[in-house]
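Given the structure is predicted, the values throughout are model-derived calculations rather than measurements.
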Amino acid sequence: MSKLGNLGARLHRGEVGYDFVKNRKIWYGLSILITITAIVGLAVRGLNMGIEFEGGAVFNTPKNTSASVSQAEEYAEQASGHDAIVQKLGDGSLRIQVAGIDTDAANTIKNTLADDLKVDSEQINAELVGPSWGEQIANKAWQGLGIFLVLVVIYLAIAFEWRMALAAFVALIHDITITVGIYALVGFEVTPGTVIGLLTILGYSLYDTVVVFDSLKEQTKDITKQTRWTYSDVANRSINSTLVRSVNTTVVALLPVAGLLFIGGGVLGAGMLNDISLSLFVGLAAGAYSSIFIATPLVADLKEREPQLKALRKRVLAKRAQSAAKGETEVHGDDESYDGEPEDAAPAVVGPRNQPASRTRGRGRPSGKRR
């Protein structure tokens, strides 16, 4: 078995792990800091909306145009008086985008570009995009996002409970805010492809969260009938048992997206890939982070406000304090167990267990064998 596979098996059995829930205040503070940075970037810089949303014109030059991207950008800005985005396509033609111009201005800009680029004006193809069309696209996107969030909350409240639905909703808003804020900070153009990428990563983030919630739901059946673990202990065990799976799926998903963003958009200069690849890259990373560090610890916080689980926590902590006072190295509860867990199982903690299970199991109890 590989080292990673062996680690995953040990995490699943609770032999090793990291206490994510105990350090939740650190993750909350880090997320708040990142979110505030994203909101400030959005408020100060704003979003660089594409012509699909603002309206404008796209000019496509003939193949093998001799002008460079920087020269064409300078010509377009001088002719229009607006900022221009120029991309060089694979066949050597140029795609020039100018936002915020009307039909009359587009014809004038087209003729001026033809003179500057030393080509026939009839060879330049001009496509006009009205702002009303972009406004309709934006409204439909907001409506789709709102409907998606409502359906997610309803489904999770039915399949799990309202606390898990609330935690998943907070995680999704966290992912949206960070992704949009990154777009504002780096200045990438927002296009319909960006909206598609944003909606895609929400589904992925939700899937990652539901995997942990499903494990948590199964492991907390009849949790109040024992005095060995608190709800936070089991929540932490659920995170650790699915940790390697979450990391693997996230890395596998990020690799092709990173290829689109850094190689396709950066090295090869295919700028049209940036709009969707950045939203996917940031959203996938933020979704994996929020599932582990935000959603599940938040559920543990909400659940342990319930009277039954609050009383359970007091009993468990009191029993652990009593065992510690007696000098016991490992806390054992009563003989009862739940959800098929072995009697000597323990919640995930940092590092290996203090003693192997084979040395502690049945200590001080008759074996039942005749001598």
Inset, instruction - Classify the angle between the aromatic ring planes of Trp27 and Phe293 as parallel (below 30°), tilted (30 to 60°) or perpendicular (above 60°). - result: perpendicular
Legend entry - Rounded distance [0.5 Å steps], CG in Leu113 versus OG1 in Thr61: 9.5 Å
Legend entry - Connected via hydrophobic side-chain network under 4.5 Å: Val40 and Val186: no
Inset, instruction - Treating Ile, Leu, Val, Met, Phe, Trp and Tyr as nodes and any side-chain heavy-atom pair under 4.5 angstrom as an edge, say whether Leu30 and Ile173 lie in one connected cluster. - result: yes
Legend entry - Short side-chain to backbone donor-acceptor contact, Ser241 and Arg237, under 3.5 Å: yes
Legend entry - Test: Arg320 and Asp233 ion pair at under 4.0 Å: yes
Inset, instruction - Please check if any side-chain donor atom of Ser70 sits under 3.5 Å from a side-chain acceptor atom of Ser68, or the reverse. - result: yes
Legend entry - Gln78 side chain to Tyr75 backbone, donor-acceptor under 3.5 Å: no
Legend entry - Crowding at CD, Gln123 (>12 non-hydrogen neighbours, <6.0 Å): yes
Inset, instruction - Keeping the roles fixed (side chain from Glu218, backbone from Ser215), state whether a donor-acceptor pair exists under 3.5 Å. - result: no
Inset, instruction - Applying side-chain contact (heavy atoms from CB on, under 4.5 Å), run through Val190 and Asn48 and close with a yes or a no. - result: CA-CA 6 Å; Val190 178; Asn48 180 20; 5.7 Å; no
Legend entry - Test log, rule side-chain contact (heavy atoms from CB on, under 4.5 Å), inputs Ile201 and Phe281: CA-CA 9 Å; Ile201 59 99; Phe281 186 85; over 6 Å; no
Legend entry - Polar contact flag, side-chain donor to acceptor under 3.5 angstrom, Asn236-Tyr231: no
Inset, instruction - Mind checking the CD1-OG spacing from Ile294 to Ser205? Nearest 0.5 Å is all I need. - result: 11.0 Å
Legend entry - Arg163 side, atom CZ; Leu298 side, atom CG - distance, nearest 0.5 Å: 11.5 Å
Inset, instruction - For Ser93 and Lys63, test the side chains for any donor-to-acceptor distance below 3.5 angstrom and give the result as yes or no. - result: no
Legend entry - Donor-acceptor contact present, side-chain Gln226 to main-chain Arg228, <3.5 Å: yes
Legend entry - Basic-acidic side-chain contact under 4.0 Å: Lys217, Asp214: no
Inset, instruction - Verify, without hydrogens or angle tests, whether Ser232 (side chain) and Val21 (backbone) share a donor-acceptor contact under 3.5 angstrom. - result: no
Legend entry - From Leu198 atom CG to Ile176 atom CD1, the distance as rounded to the nearest 0.5 Å: 5.5 Å
Legend entry - Glu304 and Lys310 ion-paired at < 4.0 Å: no
Legend entry - Between CG on residue Asp208 and OG1 on residue Thr249, distance to nearest 0.5 Å: 5.0 Å
Legend entry - Flag for Tyr207-Ser291: side-chain donor and acceptor within less than 3.5 Å: no
Legend entry - Worked check of side-chain contact (heavy atoms from CB on, under 4.5 Å) between Met164 and Thr209: CA-CA 9 Å; Met164 290 185 176; Thr209 302; over 6 Å; no
Legend entry - Euclidean distance, Asp115 CG relative to Ser121 OG, rounded to 0.5 Å: 8.0 Å
Inset, instruction - Examine distances only and state if a side-chain atom of Asp19 and a backbone atom of Lys22 form a donor-acceptor pair shorter than 3.5 Å. - result: yes
